[in-house]
Number of protein chains: 2
Amino acid sequence: MADHKRARIQDVAEQAGVSMMTVSRVLNQDKKVSDKTREKVMAVVEQLNYRPNVSARRLASTKSFFLGLLYDNPSDTYISQFLLAALKKCRTLGYHLIVDEAHTDINKTIESVKQLIDVTQVDGMILLPPMCDNEAVLDVLTKADVPFVRITPDTKLNRSPYICMDDYQAAFDVTEHLINQGHSKIAHIIGDTKQGVSRMRYQGYLDALRSNQIVTPPEYIEQGSFTYQSGMEAAMKLLSLDDKPTAIFAANDDMAAAVISIAQKQGINIPNELSVVGFDDTQLATVVWPNISTVRQPINEMAELSITLLASGQYNDLSNVKSLDLRHILDFELIERESSSIKSN
Amino acid sequence: MADHKRARIQDVAEQAGVSMMTVSRVLNQDKKVSDKTREKVMAVVEQLNYRPNVSARRLASTKSFFLGLLYDNPSDTYISQFLLAALKKCRTLGYHLIVDEAHTDINKTIESVKQLIDVTQVDGMILLPPMCDNEAVLDVLTKADVPFVRITPDTKLNRSPYICMDDYQAAFDVTEHLINQGHSKIAHIIGDTKQGVSRMRYQGYLDALRSNQIVTPPEYIEQGSFTYQSGMEAAMKLLSLDDKPTAIFAANDDMAAAVISIAQKQGINIPNELSVVGFDDTQLATVVWPNISTVRQPINEMAELSITLLASGQYNDLSNVKSLDLRHILDFELIERESSSIKSN
DNA sequence: CCAGTGAAAGTTAGCGATAACATTTGTTGG
DNA sequence: CCAACAAATGTTATCGCTAACTTTCACTGG
């Protein structure tokens, strides 16, 4: 607050006894600066609390300092949390976020992405599920030479950095959590097949059962689509079986909430007669009764990391990047609430 | 796509046969341009599909083309919907949105608002509930000469344009909806008293009863705070009354969901034995069973309008603005779902 | 008829950064 | 010890626009 005027690059240059260009180089991680100069400049930058003027930067450089975010409304909670974290990170890095909603018609989405690239010249894109697994969209970005980060566990498409949590391991842990509580009749409602995560979660569930030598009848596996509606339908089938499961692991919270609702309508007590576990820790999980045990994704960290990766420019040229370096796995958290508890004997 | 290069102000100037400055004046609504010239310039602008370069503009002018949004997590759905609509509108107007979350400690919030103003030089702020009714925050903005728009029905503070829906009328309509279905024992759970909307909704409820000559015992009025938890507590009191209400109007969806959950636990059938109505049409309303009848706020329109108002600059000087012109009331929508229906006889 | 006036349009000089080229400094080998 | 080349740093022009000043021009009225 000393001078009440923001420091400019010139101020830094003068104070450090170098040219503006040298300061610029330091700030843009240009290699051609000696360590001594770099340290000297950085010291002054800190001292003056200098932050580059984004507009001037954008005007003078070829970079746009815009990042795009393409989403497709998987859930409001997910979006808003991701969005807020991403916006905050952007602010600290001097970037701006352009948010675009995918259209249900994939061709329109592609058109709008093309336009977005053309008009705003984004320096990078973030793709949220399920767009992140759509080859056509990825092709557009690759062709336009726009770096992108995918929030997905799908390793199949080794074309960009991707950020995920270990969905497989989380599902494995959830299932073991149920087994440890005495359950052996554990059903699963699979998520939307178009999304890679569904497969991973399903596999984790299967492997946990197998490694505990538990055999499950095929009727215990229902196909859902991540919607509340699909959860209701699956629950009705599962709860009308002669040999009912004592625990249901739904691939997301919406479907888990649906299970709880149907069970209650049928007078089934949760968790005494039926344990239910969801996935994602959305707002829903704490808003239905009993609260849903679930898995929390590190959404904030994912958002921040995706911005950081794109801003760093380290993936602007993928030709020299090793496949393994594309992968960023973050930790999940298992959250036990009232919907699952020790099986009564 | 003709030249694949964006037109600059110079291109427009040349084509129109005027100076760049004249074009700039036209674009910035400067009065000192003859109508003839203005039309000529606008024609070329359209023809070349010219859009000003925001960065250049920001760099050269005193405006920042940033707008700030201060929120306080009333609900994820609300935020994300508002945010997305606001971001979209900003994009079309060449503005950028800086989003900031209010701190529970009001002093910290004030500090962060001050900093936001200082660092980003926002051209205006949008205040979401409940910050919009906090005098201390408003004082900071007024003192810093930052125009702001409040999303609130509170008319008390006549210091800025405000956008709202008619909460009073909506609550009135909800109550009459219940009366029309044959109910006369209608309870109400009031929202957080710190928020103006709670009072309006409560008043609408009262007046609808009165204008239908329905007398209600004081036990039918419970004080909540917009949280699920508070809704549960209120519901337990209301449903343990000897003379139970046959309908409960909760001031938001979270509390309505809580009522449904408690009622179901007590074996009360909804809607046959008890009708429940919420407010806000959040995601929650369609995710619990039965789905909650509710009132939908025009969130998208509110977001767009608030951006438009700030961008227009029409409120930059409030001294000549009439009090009535500050008010912007948008239409709500009553949504009938399964949680309220004709009272069984 | 012309100085005086005010509206409309033009000119000039940056805003704060970077690209591209120019220069200085440092390092190497014969 | 110095030519030759690479590394580090500096200079200049420019990005697209607007603030502030200047000029032009049409119209007054004494």
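As the structure is a prediction and not an experimental result, all values here were calculated from the model. Letters A, B, ... mirror the listed sequences (proteins, then strands); counts begin at 1. Side-chain atoms are counted along with the backbone in the values below, which use heavy atoms only and exclude waters and symmetry mates.
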How close or far is atom [atom2] of [N] from atom [atom1] of [X], stated in whole angstroms?
X	N	atom1	atom2	result
Met21(B)	dG16(D)	CE	P	17 Å
Gln10(B)	dT14(D)	CD	P	12 Å
Glu14(A)	dG10(D)	CD	P	13 Å
Arg58(A)	dA17(C)	CZ	P	13 Å
Lys63(A)	dG16(C)	NZ	P	21 Å
Met20(A)	dA19(C)	CE	C1'	12 Å
Leu59(A)	dC17(D)	CG	C1'	8 Å
Gln121(A)	dC15(D)	CD	P	16 Å

Using 0.5 Å steps for rounding, measure from the [atom1] atom of [X] to the [atom2] atom of [Y].
X	Y	atom1	atom2	answer
Lys88(A)	Glu304(A)	NZ	CD	9.0 Å
Phe148(B)	Leu127(B)	CZ	CG	6.5 Å
Leu27(A)	Met42(A)	CG	CE	6.5 Å
Ile98(B)	Met125(B)	CD1	CE	10.0 Å
Ile163(A)	Cys132(A)	CD1	SG	11.0 Å

Which atom pair, heavy atoms only, marks the closest approach of Ile9(B) to Met20(B)?
->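 Scanning both residues completely, I find the closest heavy atoms to be CD1-O, 3.7 Å.
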
Compare side-chain N and O positions of Ser24(A) against OP1 and OP2 of dT18(C) and report whether any pair is under 4.0 Å apart.
->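 For dT18(C), OP1/OP2 do have a side-chain N/O of Ser24(A) under 4.0 Å.
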
Between Phe66(B) and His96(A), what is the ring plane arrangement, given parallel below 30°, perpendicular above 60°, and tilted in between?
->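 The rings of Phe66(B) and His96(A) sit tilted, inter-plane angle from 30° to 60°.
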
Residues from residues 45-56 of chain B sitting under 4.0 Å of DNA chain C, heavy atoms only?
->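 Nothing qualifies; none.
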
Collect all protein-nucleotide pairs involving nucleotides 6-9 of chain D in which both atoms are nitrogen or oxygen and the distance is under 3.5 Å.
unit_1: dT9(D); atom_1: OP1; unit_2: Ser34(A); atom_2: OG; d: 3.2
unit_1: dT9(D); atom_1: OP1; unit_2: Thr37(A); atom_2: OG1; d: 2.4
unit_1: dT9(D); atom_1: OP2; unit_2: Ser34(A); atom_2: N; d: 2.9
unit_1: dT9(D); atom_1: OP2; unit_2: Thr37(A); atom_2: OG1; d: 3.4

For Thr308(B), check side chain to side chain contact (heavy atoms under 4.5 Å, CB included) against everything at least two apart and list the hits.
->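 Counting only residues at least two positions away or on another chain, Thr308(B) forms a side chain to side chain contact (heavy atoms under 4.5 Å, CB included) with Lys89(B).
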
Evaluate the salt bridge (Lys or Arg N to Asp or Glu O under 4.0 Å) criterion for residues Arg6(A) and Asp11(A): first the C-alpha distance (whole Å), next the side-chain angles of each, then the deciding distance (0.1 Å), finally the verdict.
-> CA-CA 10 Å; Arg6(A) 267 178 78 157; Asp11(A) 303 326; over 6 Å; no

Choosing from dG16(C), dC17(D), dA19(C), which nucleotide comes nearest the side chain of Ala60(A)?
->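 In terms of side-chain proximity for Ala60(A), the closest of dG16(C), dC17(D), dA19(C) is dG16(C).
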
Taking the side chain of Arg57(B) as its heavy atoms from C-beta onward, which of dG10(C), dT18(C), dC17(D) lies nearest to it?
->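 Shortest atom-to-atom distance from the side chain points to dC17(D).
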
